[in-house]
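One structure below.
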2 protein chains.
Amino acid sequence: MSIPDDFDLQNFLPYLLNQAAEESSLSFQKVYKDRYGMLRTEWRVLFHLGIYGRMTAKQIGERSKMHKTKISRAVAKLAERRFLTRQKDEADRRLEYLELTPAGLRAYRDLRDVARAYDSQIAARFSEDEVALLRRMLRQLAGGAR
Amino acid sequence: MSIPDDFDLQNFLPYLLNQAAEESSLSFQKVYKDRYGMLRTEWRVLFHLGIYGRMTAKQIGERSKMHKTKISRAVAKLAERRFLTRQKDEADRRLEYLELTPAGLRAYRDLRDVARAYDSQIAARFSEDEVALLRRMLRQLAGGAR
DNA sequence: CGTTGTTAGTTACAAAACCAACAGTTAACA
DNA sequence: TGTTAACTGTTGGTTTTGTAACTAACAACG
């Protein structure tokens, strides 16, 4: 029984994107995990603060599309490790501004350099035009609707 | 403090791939979840059996790169729902052949058609050449090393 | 003011993933 | 053969995530 079917799983875009994403994250994950004991959510928050500077959890959520509970937990961990400080907005006391400490900034810069090198290494597997097109398509796919 | 930095997170490939993968999985996830109460691991196992026919958990692991515990649990769920049957190899009693039941096959075909339509919908956002290149690059990235 | 609704962020509980140790079976080879 | 190593698949305990309800603060409008 069980008539084999010719659906091409290896080319099904959601599956393929997942496989590529997982594979391409592996080496970088190893670094932020082994070197700083971080989770994916944590380096993402760290990077947002490192790149854009002082911002609130809400703003991180808008940029990263992470759910607020993930952010809340990542922020708690980073604060515990003294990688960031929290500071309530006096005008609107629901808001809390997050900012990297010098230690957090050092960790960010270290990982940023690793990320840059790793990205180049991946990009080097293709021509410049190809990589540019890949990034453009991925941005569009990531962008959601339409 | 907190000097803003110009690292381009939105173009960092592992990040970008994850965002694209997540976004592109959403609609399809909704279908297999709402319609069959399945998890990602479960539809993957279902598809492997639907496409390649009778095979063992080990073989599914090799093709999908899923860890054996995920497969074991997905198989248990699918067996419980009567979507597949298990049959020990008499020659090597460590092996167990998995095979879709008629109900499992129906579910597979239903989801496969959804997947095909969904894939076309995504592909339609680009030219044929672009999509072909995208798939090729993703396959290479997914393929691991080098 | 005061009631109702909205927002930022946290917490509690359940679901799922991860990892390591396990049972049962087969292979290797002294 | 007998003992050890290797392999397939499962289970247990912990970590991480997801979902929903919650607190505290502000806004809107009578």
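Lettering of chains follows the sequences in order, A, B, ..., and the numbering in each one begins at 1.
For the pair B:Asp92 CG and C:dA28 C1', the interatomic distance rounds to 15 Å; values are reported in whole Å. Across the protein-nucleic acid pair, A:His67 atom NE2 and C:dA8 atom P stand 12 Å apart, rounded to whole Å. Between the NZ atom of A:Lys33 and the C1' atom of D:dT15 there is a distance of 10 Å, rounded to whole Å. Residue B:Glu90 contributes atom CD, which lies 16 Å from atom C1' of D:dT8 at whole-angstrom precision. When rounded to the nearest whole Å, the span between CG of B:Asp89 and P of C:dA27 equals 11 Å. If you take CD1 of A:Ile71 and P of D:dT16, they are 18 Å apart, rounded to a whole angstrom. Between the CE atom of B:Met66 and the P atom of C:dC18 there is a distance of 11 Å, given to the nearest Å. Rounded to whole Å, atom P of C:dT10 lies 12 Å from atom CG of A:Leu78.
At least one side-chain nitrogen or oxygen of A:Ser72 sits closer than 4.0 Å to the OP1 or OP2 atom of C:dT10. Residue A:Lys70 places at least one side-chain N or O under 4.0 Å from the OP1 or OP2 atom of D:dG18.
Taking every side-chain heavy atom of A:Glu96 into account, C:dT10 is the closest of C:dT7, C:dT10, D:dT19. The nucleotide whose nearest atom lies closest to any side-chain atom of B:Arg73 is, among D:dC26, D:dG9, C:dC19, C:dC19.
Nucleic acid contact for A:Thr69: base, since at least one base atom lies under 4.0 Å from a heavy atom of the residue. Contact annotation for A:Arg86: backbone-only contact, meaning every heavy-atom pair under 4.0 Å involves sugar-phosphate atoms and none involves a base. Residue contacts shown for A:Leu39 are limited to sugar-phosphate atoms, with no base heavy atom under 4.0 Å away. Across all strands shown, A:Ala91 has heavy atoms under 4.0 Å from sugar-phosphate atoms exclusively, and none from any base.
Placement of B:Leu95 and B:Leu84 in two distinct hydrophobic clusters is found when ILVMFWY residues are connected by side-chain heavy-atom separations under 4.5 Å, directly or transitively.
The aromatic rings of B:Trp43 and B:Phe47 stand perpendicular to each other, their planes meeting at an angle above 60°, with 30° marking the opposite boundary.
Checked against a 6.0 Å centroid threshold, the rings of A:Phe12 and B:Phe28 count as neighbours.
Between A:Thr41 and A:Arg94, the residue anchored closer to the 5' end of DNA chain D is A:Thr41, taking for each the nucleotide with the nearest heavy atom. Nearest-nucleotide positions on DNA chain C place A:Gln59 closer to the 5' end than the other of B:Lys68 and A:Gln59.
In this structure, the separation between CE on A:Met137 and CG on B:Leu138 is 8.5 Å, given to the nearest 0.5 Å.
By the 4.0 Å N-to-carboxylate-O rule, A:Asp6 lies close enough to B:Arg116 to be salt-bridged with it.
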